[in-house]
Each structure stands twice: as C-alpha cells, then as structure tokens.
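Here's the structure, in structure tokens; my notes come after.
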Amino acid sequence: MTCEITREPIRVDELYQKVVRREAGAVTLFVGTVRELTHGKRTLFLEYEAYEAMALKKLEQIAAEMGERWPGVQTAITHRIGRLDISDIAVAIAVSSPHRPEAYEANRYAIERIKEIVPIWKKEHWEDGEEWVGNQQGTKEYLDGKPGEEELDE
Amino acid sequence: MTCEITREPIRVDELYQKVVRREAGAVTLFVGTVRELTHGKRTLFLEYEAYEAMALKKLEQIAAEMGERWPGVQTAITHRIGRLDISDIAVAIAVSSPHRPEAYEANRYAIERIKEIVPIWKKEHWEDGEEWVGNQQGTKEYLDGKPGEEELDE
Amino acid sequence: MNKVLLFAHLKEQAGKGKLEVNASGKTIGELRRILERDHELGNLEGIMIALNEEFAKDDALIQTGDEIALIPPVSGG
Amino acid sequence: MNKVLLFAHLKEQAGKGKLEVNASGKTIGELRRILERDHELGNLEGIMIALNEEFAKDDALIQTGDEIALIPPVSGG
C-alpha cells in the first residue's frame with residue numbers, strides 16, 4: 001500500500017523499501033518526529049487523532065498529485081496516530097525518482113500538503129495543560145492548486 | 001562517527017539513528033542508489049574508488065559547513081566504495097533539525113557538495129564497455145563558497 | 001438522518017464523536033447554521049465540512065445517508 | 001622523495017596506484033609539468049592536485065615526505 005494510517009511505530013526502512021526500484025537513482029525520506037521543545041515549552045507527549053478514511057484518501061490524493069507534477073516519482077506516506085512520545089515518528093514520507101531534484105522537491109511538497117489537507121489533529125500535552133493544535137491559517141482545500149510558500153516554517 | 005567511507009552495504013535505518021534526538025522535529029534522508037538506466041544505457045554494475053583519508057576529511061568538512069550555515073542541524077553521511085549492483089546504496093545523508101526547512105535545505109547542500117569536493121570516483125560497467133565517470137565541470141575547491149545552481153541535475 | 005462526525009476539540013466539547021442530524025435536502029451552509037444554533041459547538045467559523053470524505057462547499061446539497069464531518073484546522077505531519 | 005597517489009583512470013593508465021617522485025622544494029605547478037613530461041599520464045589539465053589530503057594551488061610548495069595525490073574530476077554521490 002502506498003499510503004497508510006497506523007497506530008504502530010513507523011519504521012524508516014520499511015518506507016524506504018516501498019519506493020526503491022531499479023529505475024530510481026535517488027530516494028528522499030522525510031521523518032517528522034515528536035520534538036521536546038516548541039516555543040520553549042516542554043512537550044510531555046502528543047496525541048494524534050484522524051478522520052481515518054478521509055485522511056487515507058487525502059494521502060493518496062497527495063501521492064497522485066505528486067505523480068502528475070513530477071512524472072516518474074514514486075511515493076509512500078505513513079502517518080501514525082494515537083499517543084506518541086518524544087522522538088517517536090509521527091509521519092514518514094519516501095519518494096524515489098530517477099534524478100535527485102524531483103526527489104527533494106516532491107518530498108517537500110508532500111509534507112506541506114499534508115499540513116494543509118489531511119484531516120489529522122494533534123493534541124499537545126505539557127506539564128501544566130493540554131491543547132488541540134490547529135494550523136495557523138486554517139485548513140486549505142486547494143482543489144487544484146499548490147501550497148503557498150507562507151507555511152514553510154513549522 | 002558522523003561520516004564514514006565503507007565497503008559494506010549501507011543501512012538507511014542506521015543513518016537515521018545517528019541523527020535523531022529529542023531536540024529534532026524533522027529528519028531528512030537522501031539515499032543515492034545505483035540506477036539501471038542512464039541516458040538510455042543499461043548499467044550492469046558500478047565500481048567506486050576513493051582517496052579514503054581525504055574523502056573522509058571532506059565529508060567531515062561538509063558536515064561542519066552545514067553546521068555553520070544552519071546552526072542546529074546534525075548530520076551523518078556514509079559513502080560506500082567497491083562494487084555496487086543496481087539499487088545498492090552508494091551514499092546516504094541524514095540531517096536532523098528542530099524544523100523542517102533546514103533539514104531539507106542542508107541535506108540538499110550536502111549531496112551537491114559531495115559531488116564537488118569529495119575524492120570519490122565511479123566506473124560505469126555496461127555490456128559493451130566500461131568508463132570512469134568525471135563530473136561535467138571539474139572538481140571544485142570552493143574554499144569558502146557554496147555550490148552553484150548549475151549542477152542540480154545529475 | 002445523517003451522521004455528523006466530530007474530531008479534536010469539537011469532539012471533546014460535544015462529549016461525543018458523532019451527532020445524528022436530519023440534514024437531507026439542506027445545503028452544507030444551512031447545516032452549518034443549524035449546528036451552530038442547536039448544538040454546543042460554538043462558532044464554526046474556520047471549521048471546514050466534509051461530505052462523504054471530501055471537502056464540501058457551502059452550496060453542496062446533502063442527501064439521506066450522506067456522511068458529514070466537521071474538520072477543524074488540521075495539524076498532522 | 002614524495003608519494004604521488006593515483007586514482008581512477010590515471011591509476012589504470014599508469015598501471016599502478018602510486019609514483020615516487022622527488023618533488024621536495026618544487027611547487028605544485030612545477031610538479032604538474034614534471035608529471036606530464038616524465039610519466040605516462042597524458043595531459044593533466046582539469047586534474048586537481050592534493051597536498052597532504054587537501055586541495056593545493058599551483059604555487060603551494062612541496063616539502064620532503066609530503067603526500068601528493070592527483071584528483072581527477074570527482075564522481076561520487
């Protein structure tokens with residue numbers, strides 16, 4: 001399966017194996033992990049929730065968009081949900097392509113898109129509280145567009 | 001060890017483990033594999049040779065340059081030498097950082113730099129011959145500079 | 001009847017993950033106003049609505065059995 | 001004496017991975033011309049020269065025991 005929502009730990013090597021092939025000369029992986037400090041505040045753990053059926057559809061849509069924009073790339077995306085501790089992998093994106101520029105660009109596109117259109121939410125748990133996090137600019141539909149440059153900094 | 005020249009198969013997960021840490025929210029990996037077709041010609045296998053001591057120094061230099069340009073990133077680079085078959089991993093670069101833009105940018109910088117200053121050579125073996133491959137524009141020293149944009153397409 | 005799925009803070013606010021609403025024949029925009037008026041969900045500005053697992057515009061028409069979901073700003077990745 | 005290491009096609013051309021040359025007191029540029037004249041290495045234009053594992057300019061001075069290497073255009077990665 002190209003895309004997956006899972007409750008189990010994500011294994012980087014498994015994603016890699018999904019996309020490597022004889023035609024590929026480059027594979028890029030993005031691994032999003034639970035960071036301990038955000039704006040100086042110490043995270044204890046995160047909780048991810050998904051509208052699973054739709055989230056999976058949206059991940060597959062992103063993979064399809066990538067294939068249109070960068071013909072020749074092959075993509076695998078896995079997002080984990082449930083409780084995640086510091087350094088656990090929340091999301092992993094693997095992209096293979098014959099040459100490296102597309103492998104980098106398509107991979108970056110995937111994570112920006114995930115942060116726009118995939119119905120997954122995270123709840124921060126700190127020592128002194130908890131909160132569901134929303135993105136800064138609201139979920140975007142982008143029926144046909146590409147993500148803007150404004151959100152390259154989370 | 002941050003950087004390594006090896007004759008053994010490269011394991012993606014091992015590179016990942018070298019850079020993941022509590023302060024990181026993003027890890028990028030670049031994996032360069034042996035592609036079967038280049039300009040329509042079928043590669044049987046590749047042979048990589050290195051000036052090992054200097055190659056290792058240059059990899060460490062690249063990791064240091066990255067730390068200066070993107071404070072907060074942590075880097076691991078492994079390059080394999082010897083005989084490599086199709087889909088074998090020739091080079092793997094792992095970069096971790098608190099946020100994702102640097103993780104992508106620094107990673108890309110690393111591979112461009114490797115192709116400029118690290119004394120490693122590959123020999124293509126085809127059905128009808130073999131040849132040592134040189135880069136198109138000659139090895140660059142770039143004592144203090146950054147790689148140009150012209151070589152973003154190998 | 002239609003299922004309206006709730007997630008994240010909306011689910012916690014409502015104390016449940018699902019509402020049952022008769023929205024057949026109504027538009028997404030009309031449903032939004034009904035939900036704001038009759039349910040303890042607060043202001044739904046900034047909340048997108050999905051119809052059968054696809055983002056829907058305010059003028060989309062809801063049919064019997066359609067699955068609806070309220071999508072707060074996402075924060076995956 | 002100085003070791004001059006050869007790699008890739010230069011190593012194959014010379015049939016060995018190492019030359020012994022007395023280059024003490026000479027510059028890298030002078031050594032380049034000596035190698036072109038006295039050894040079967042062909043034209044060394046485009047070949048960089050490393051001195052003790054660091055790229056060296058043509059005016060760098062070679063001392064006894066320094067390790068020299070001819071660096072053809074690299075093709076790693």
Side-chain angles (χ1 to χ4, degrees), chain A residues 5 30-35 38 46-62 77-81 84 89-93 107-108 110-124 130-143 147 151 154, chain C residues 1-21 23 27-33 35-36 39-77:
Chain A
I5 306 284
F30 175 82
V31 183
T33 55
V34 178
R35 187 179 54 225
T38 295
L46 295 183
E47 212 183 318
Y48 279 93
E49 181 177 307
Y51 179 10
E52 285 190 54
M54 180 171 169
L56 190 55
K57 269 193 184 174
K58 289 291 157 190
L59 291 179
E60 299 280 6
Q61 175 189 323
I62 291 168
I77 307 175
T78 301
H79 203 300
R80 186 174 169 192
I81 56 174
L84 274 76
I89 299 174
V91 63
I93 302 162
N107 195 304
R108 180 107 187 238
I111 185 65
E112 306 302 338
R113 260 325 237 163
I114 287 170
K115 289 174 176 281
E116 285 178 353
I117 67 164
V118 180
I120 298 180
W121 301 272
K122 77 173 164 193
K123 190 178 193 176
E124 287 265 9
E130 53 185 53
E131 189 173 49
W132 285 101
V133 179
N135 62 8
Q136 283 71 34
Q137 64 286 321
T139 304
K140 292 180 183 172
E141 189 176 358
Y142 282 113
L143 283 168
E151 56 217 306
E154 172 57 14
Chain C
M1 295 297 279
N2 298 87
K3 275 194 292 192
V4 178
L5 305 179
L6 306 175
F7 298 97
H9 72 275
L10 292 176
K11 180 176 173 179
E12 289 186 356
Q13 224 164 296
K16 53 189 168 190
K18 192 166 45 173
L19 304 174
E20 295 279 349
V21 176
T27 66
I28 290 288
E30 287 165 352
L31 173 64
R32 185 189 294 274
R33 287 188 292 276
L35 291 171
E36 284 181 333
H39 297 266
E40 306 284 315
L41 298 170
N43 187 336
L44 294 181
E45 204 189 342
I47 307 288
M48 296 197 71
I49 299 186
L51 187 58
N52 298 323
E53 304 173 358
E54 195 51 71
F55 291 109
K57 296 192 189 303
D58 269 2
D59 60 3
L61 200 65
I62 300 163
Q63 301 194 303
T64 309
D66 280 352
E67 180 176 288
I68 293 149
L70 301 189
I71 312 287
V74 303
S75 51

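In what follows, every chain begins at residue 1, and chains take the letters A, B, ... in the order their sequences are listed.
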Keeping the roles fixed (side chain from A:Y48, backbone from C:G77), state whether a donor-acceptor pair exists under 3.5 Å. yes
Please confirm whether the backbone N or O of C:F7 pairs with a side-chain atom of A:W121, one donor and one acceptor, at under 3.5 Å? no
Rounded at 0.5 Å granularity, tell me how far CG in C:N52 sits from NZ in A:K57. 7.5 Å
May I ask you to check whether over 12 heavy atoms, not counting those of C:E45, lie within 6.0 Å of atom CD? no
Per-residue contact mode, A:Y51 against chain C (heavy atom under 4.5 angstrom): both
Can you tell me if C:Q63 has over 12 outside heavy atoms packed within less than 6.0 Å of its CD? no
Drop me the distance from C:H9's NE2 to A:E131's CD, to the nearest 0.5 angstrom. 10.0 Å
Can you name the closest pair of heavy atoms from C:V74 and A:I114 and give their distance? CG2-O, 4.3 Å
A:A110, part contacting chain C, at a heavy-atom distance under 4.5 Å: neither
A:P119 versus C:I71, closest heavy-atom pair with distance: CB-CD1, 4.1 Å
When you look at NZ of A:K123, are more than 12 heavy atoms from neighbouring residues, nucleotides or ligands closer to it than 6.0 Å? yes
Any side-chain heavy-atom pair from C:F55 and A:I117 closer than 4.5 angstrom? yes
Please classify the contact between A:A53 and chain C as side chain, backbone, both or neither, with a heavy-atom cut-off of under 4.5 Å. both
Just how far is it from atom CD of C:E67 to atom CE of A:M54, taken to the nearest 0.5 Å? 10.5 Å
